[in-house]
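Below is one structure; the comments refer to it alone.
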Amino acid sequence: MDYLKSLNPEQKAAVINTEGATMVIAGAGSGKTRVLTYRIAHMIKNGVDPFNILALTFTNKAAKEMKDRIAQIIGGSEAKNISMGTFHSVFSRILRHHADKLGYPSNFTIYDTQDSRSLIKAIVKELRLDDKTYKPNLILSRISSAKNNLISAAAYEANTDVVTEDRMSGKPRLFEVYRAYEKRCFMAGAMDFDDLLFKTNILLRDHADVLHYYQHKFKYVLVDEYQDTNYSQYLIVKKLAAAYTNICVVGDDAQSIYSFRGANIENILNFKNDYKDHKVFKLEQNYRSTQTIVNAANSVIAKNKDQIQKTVWTDNTEGNKIKVLRSLTDNEEGKAISNMIFEAKNHDGAANSDFAILYRTNAQSRSFEESLRKLNLPYKIYGGLSFYQRKEIKDLLAYFRLTANPTDEEALKRVINYPKRGIGKTTIEKIIITASQHGVSLWEVISEPQKYPSGIPSGAKTKLNAFVTSINSYAVQLEKIDAYSMAETIAKSSGILKDLYDDKSPEGVSRHENIQALLSGIKEFTETISEGETAFLSDFMVDVALLTDADQDKEEDKDKITLMTIHASKGLEFPYVYIVGLEENLFPSQLALNSRSELEEERRLFYVALTRAEKQATLSYASSRFRWGNIVTSEPSRFIEEIDPNHLEMLNQPRMNSMGGGRSMNQFNMERKLGSKKPLFSDRRRLTPVDEAKPKKPAKGTTAQQLDLKVGYNVVHERFGKGKVVGLEGTPPTKATVFFPKAGNKQLLLKFAKLEILD
DNA sequence: CTTGCAATGACTGAT
DNA sequence: TCATTGCAAG
């Protein structure tokens with residue numbers, strides 16, 4: 001058992017204790033994936049049938065990598081029998097198998113967020129509600145969190161608490177939207193992301209035989225990233241593991257960053273109550289990062305109140321200090337970071353793939369893309385608009401969806417008039433009204449017009465009829481010809497390919513290329529299926545909705561600089577990590593400043609970012625940044641101040657006295673010259689444009705210089721208000737402890753904190 | 001019904 | 001800044 005030798009005692013214990021309920025608390029970089037991998041391999045080596053193992057991971061890519069690794073260790077081809085993947089992909093498969101029990105077709109469509117939002121928009125309109133009050137995104141998140149807590153539309157309506165809540169917030173009819181949404185999804189034979197978990201719960205609740213079957217199939221259940229599971233997922237796991245209680249959950253409460261998706265840290269905290277006879281293993285040794293990075297990360301996370309006690313430590317070398325870079329604008333931030341990468345490559349001989357630029361929001365990628373491109377540094381962006389979310393791809397997929405499942409309402413609405421065939425808004429409205437009058441799907445109305453009189457003029461009827469005929473002609477071939485032939489037929493005969501080919505603009509060309517890329521992907525899929533079988537298009541469609549950018553790693557992307565959000569970086573590691581846009585209102589996000597728990601989640605997010613770095617971490621912020629078309633000034637993030645300053649190296653000093661003066665004005669004019677002729681401030685909205693920020697700086701008083709600050713002085717801080725200096729560190733002082741009546745004791749780095757001395 | 005232009009609002013995060 | 005929506009004219 002060679003593989004056991006490479007483990008430390010805690011890791012080994014977590015690997016070999018395969019029976020019973022087990023919780024592994026795994027600090028960042030502590031070899032969590034390794035433990036999970038070896039544990040499964042160990043079980044199989046000791047006679048457990050892979051068929052009896054269920055392993056739930058956070059991404060499909062992680063599942064694939066783990067499976068490959070297990071296959072390597074145990075040899076043979078057994079590993080492929082393990083049920084491994086994300087909750088969504090594993091249970092969507094199970095749901096398809098038993099769909100009839102829930103009244104769904106087995107080829108039900110999976111609605112992505114765009115589809116859900118569009119359906120909600122339509123419903124709000126049909127109910128004649130004001131879409132300013134009933135904002136689709138808000139309603140969607142409300143419905144989503146209801147589903148994640150297993151509250152159906154009927155239960156929602158009956159729940160006086162939530163209904164009152166909606167009434168208080170001016171949305172008394174929200175439950176009607178939920179009710180209609182639930183019904184329409186069902187009519188369309190569609191499930192949204194939350195349904196995949198919700199309906200699994202229903203299936204296991206209402207069908208004892210199914211529950212019994214899977215309880216005995218999955219004798220061993222393993223869950224990775226348990227801190228990011230929501231109630232719905234928690235309950236599925238609990239039900240499945242109830243027969244054998246061979247359940248192993250792995251997680252780190254300090255890395256819980258998905259509460260917006262309903263994730264509940266309580267799940268990990270309550271594990272011990274759910275399983276009385278359980279074992280806990282703590283992995284605390286970090287193998288990934290330098291001491292500097294580990295200690296800095298620890299000093300940050302220590303600020304959080306809600307956490308399981310543990311001490312992450314490392315044997316690794318001390319390493320370089322964490323660099324802190326200040327730039328004047330977001331564009332300069334991009335240039336500076338790109339130059340740093342360029343130099344690190346030359347100096348250390350590092351590969352492109354050793355670098356990652358991590359940001360809080362997808363919109364921040366632009367300045368880095370531009371500057372990297374100028375230096376000819378190859379990069380790859382993850383997240384943002386994924387391939388499968390592009391308009392042209394979704395259009396073609398909508399044809400595929402409609403062919404497989406004609407009741408799919410969102411797919412129908414998407415392509416009924418694309419490419420243009422003269423079916424307009426009024427016609428579609430009539431179809432929708434008729435469908436809801438008869439309680440049938442849109443497809444039934446248009447495919448049997450004589451049965452459902454809709455008052456559509458005969459001209460439009462002819463066009464609709466032609467559309468129905470073409471979809472039907474695809475449908476009869478669906479299970480006869482292979483996926484690629486089918487896809488190609490549809491792409492050509494629907495007119496999509498021609499429509500894009502005719503568009504000679506650069507965007508049009510790239511859209512055409514994307515379609516070709518999708519088709520060749522389908523071709524590859526068709527060819528990789530085993531001998532003697534045919535891969536149908538419906539097989540390809542099964543998990544297309546669940547694919548993400550991260551799941552496909554292309555060969556040509558092997559040696560590239562990685563650009564991604566911190567959320568997307570979970571579980572990854574890079575020698576050099578640049579955490580950028582560390583500014584108040586951006587990171588932490590202004591939306592998270594209202595409550596302690598939200599701020600703590602932002603802090604955990606920062607912790608995750610920092611602990612991605614193996615060798616060198618660099619933090620960066622800009623004093624002003626383009627947002628919504630105008631320039632906003634920004635302050636360095638509080639998270640920089642929260643790191644023990646001994647671990648930091650300031651690359652350039654802020655110029656304290658120049659903030660309100662000439663410099664920012666010059667900067668401002670420069671940006672203006674480069675930009676458009678638009679008015680300077682389209683007085684649009686909040687987020688202090690520069691000219692509003694200035695009055696906040698009173699002319700009187702002095703800016704705190706390190707030298708003249710003394711214990712006992714009264715000071716004013718921009719965020720915390722008045723306070724008194726109670727402690728100073730360093731000579732000259734670099735860090736001050738200040739007591740603020742409003743905010744309590746705060747440790748402030750004098751390099752960042754703009755303290756004004758009052759006396 | 002389609003086209004083109006002006007007005008508008010959006011930026012967390014992602015299966 | 002960008003993408004979506006509303007409106008007027010053909």
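The analysis underlying the following values was restricted to heavy atoms, covering all of them including side chains, and did not include hydrogens, waters or symmetry mates. The sequence lines fix the lettering, A, B, ..., with proteins before strands; numbering per chain opens at 1.
- Under a cutoff of 6.0 Å and an axis angle of 45°, A:Lys463 and A:Phe467 do not form a cation-pi pair.
- Nucleic acid contact for A:Asn362: sugar-phosphate only, since backbone atoms but no base atoms lie under 4.0 Å from a heavy atom of the residue.
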### Summary
With B for base contact, S for sugar-phosphate-only contact and - for none (protein heavy atoms under 4.0 Å), nucleotides 5-10 of chain C reads S-----
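- Side-chain atoms of A:Ser367 and A:Asn331 include no donor-acceptor pair closer than 3.5 Å.
- The distance between atom CG of A:Leu599 and atom P of B:dT12, rounded to the nearest whole Å, is 17 Å.
- When the nucleotides B:dG13, B:dT15, C:dC2 are ranked by their closest atom to the side chain of A:Arg261, B:dT15 comes out on top.
- The aromatic rings of A:Phe108 and A:Tyr104 lie perpendicular to each other, with more than 60° between the two planes, well past the 30° mark.
- Inspection of the A:Asn514 and A:Glu392 side chains reveals an N or O donor paired with an N or O acceptor under 3.5 Å.
- Nearest nucleotide to the side chain of A:Trp628, out of B:dC11, B:dA14, B:dT12: B:dC11.
- Distance A:Leu138 CG to B:dT12 C1': 14 Å, rounded to the nearest Å.
- As a whole-Å value, the separation of A:Asp195 CG from B:dT15 C1' is 13 Å.
- OP1 or OP2 of B:dC1 has at least one side-chain nitrogen or oxygen of A:Thr427 nearer than 4.0 Å.
- OP1 or OP2 of B:dC11 has at least one side-chain nitrogen or oxygen of A:Asn137 nearer than 4.0 Å.
- To the nearest angstrom, C1' of B:dT2 lies 15 Å from CZ of A:Arg421.
- Taking atom CG of A:Asn60 as the reference point, atom C1' of B:dT15 lies 9 Å away to the nearest angstrom.
- Ring-centre distance between A:Phe587 and A:Phe639: below the 6.0 Å cut-off.
- Listed in residue order, the members of residues 84-99 of chain A having a heavy atom less than 4.0 Å from DNA chain B are A:Thr86, A:His88.
- Nearest to the side chain of A:Lys420, among B:dC1, B:dT2, B:dC11, sits B:dT2.
- For A:Asn60 and A:Ser89, the side-chain atoms include at least one donor-acceptor pair closer than 3.5 Å.
- Between A:Met564 atom CE and B:dT15 atom P there is a gap of 11 Å when expressed in whole angstrom units.
- A residue-by-residue look at A:Ile423 and A:Ser259 shows that A:Ile423 has its nearest nucleotide of DNA chain B further toward the 5' end.
- Residue A:Leu591 places its side chain closer to B:dT12 than to any other of B:dA14, B:dT12, B:dC11.
- Within the structure, a side-chain polar atom (N or O) of A:Thr565 is placed less than 4.0 Å from OP1 or OP2 of B:dA14.
- Using a 4.0 Å heavy-atom distance criterion, A:Tyr258 is classed as a sugar-phosphate-only contact.
- The nearest whole Å value for the distance from the CG atom in A:Asn630 to the C1' atom in C:dC2 is 14 Å.
- At least one cation-pi condition fails for A:Arg604 and A:Tyr607: the charged atom is not both under 6.0 angstrom from the six-membered ring centre and inside a 45 degree cone around its axis.
- Geometric assessment of A:Lys391 against the ring of A:Tyr418 yields a positive cation-pi assignment under the 6.0 Å and 45° thresholds.
- An OP1 or OP2 oxygen of B:dC1 is reached within less than 4.0 angstrom by a side-chain nitrogen or oxygen of A:Thr426.
- Heavy-atom contacts from other residues, nucleotides or ligands closer than 6.0 Å to NZ of A:Lys135 number 12 or fewer.
- Summary of the strand contacts: A:Ala460 and A:Glu601 both lie near DNA chain B, and taking for each the nucleotide with the nearest heavy atom, the more 5' one is attributed to A:Ala460.
- No side-chain N or O of A:Ser259 forms a donor-acceptor pair with one of A:Asn264 less than 3.5 Å apart.
- Distance, A:Lys199 NZ to B:dT15 P: 22 Å, rounded to whole Å.
- Note on A:Asn417: a side-chain N or O is less than 4.0 Å away from OP1 or OP2 of B:dT2.
- Listed by chain and residue number, A:Glu225, A:Asp228 satisfy the salt bridge (charged side-chain N to carboxylate O under 4.0 Å, His left out) test with A:Lys570 (two or more places apart in sequence, or in another chain).
- Here A:Phe260 lies parallel enough and close enough to stack on the base of B:dG13, with planes under 30° and ring centres under 5.5 Å apart.
- As judged by a 4.0 angstrom heavy-atom cut-off over every strand, A:Asp112 is placed among residues making no nucleic acid contact.
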